[in-house]
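Residue indices begin at 1 and follow the sequence shown.
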Amino acid sequence: LGDYFSSCKEEVMNMSLTEFDQESFERQIRAEGISIGLEKGLAEGESKAKLEDAVIAVTKYNIPVEDVSKDFGIPAEQILKALR
């Protein structure tokens, strides 16, 4: 391929430069960024809600931290920190 590109260098350069659509590229990057940001935000929101529910289980229903930790899959230290 190296020989082909060398012999057709001008044509290859023109094709690569004219086929690239900057606006389309930027739209795609923004869409992917929004998608990634949204997924990350949802995951963080779910984690926060899960921790809040764990704190409620401990404070309102008097369930031991160790049990809540196991049931919710949250480290006991994280629950204790949220209780402070």
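- Using a 4.5 Å cut-off on side-chain heavy atoms (C-beta onward), Glu26 and Arg30 make contact.
- With sequence neighbours left out, Glu23 forms a side chain to side chain contact (heavy atoms under 4.5 Å, CB included) with Asp21, Arg27.
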Can you list, pair by pair, the side-chain donor-acceptor contacts under 3.5 Å of residues 32-46, counting residues two or more places apart and other chains?
| unit_1 | atom_1 | unit_2 | atom_2 | d |
| --- | --- | --- | --- | --- |
| Glu32 | OE2 | Gln28 | NE2 | 3.1 |

Can you give me every donor-acceptor pair (side chain of residues 55-70, partner residue at least two apart or in another chain, under 3.5 Å) with its distance?
| unit_1 | atom_1 | unit_2 | atom_2 | d |
| --- | --- | --- | --- | --- |
| Thr59 | OG1 | Val55 | O | 2.9 |
| Ser69 | OG | Ile74 | O | 2.5 |
| Ser69 | OG | Ala76 | N | 3.3 |

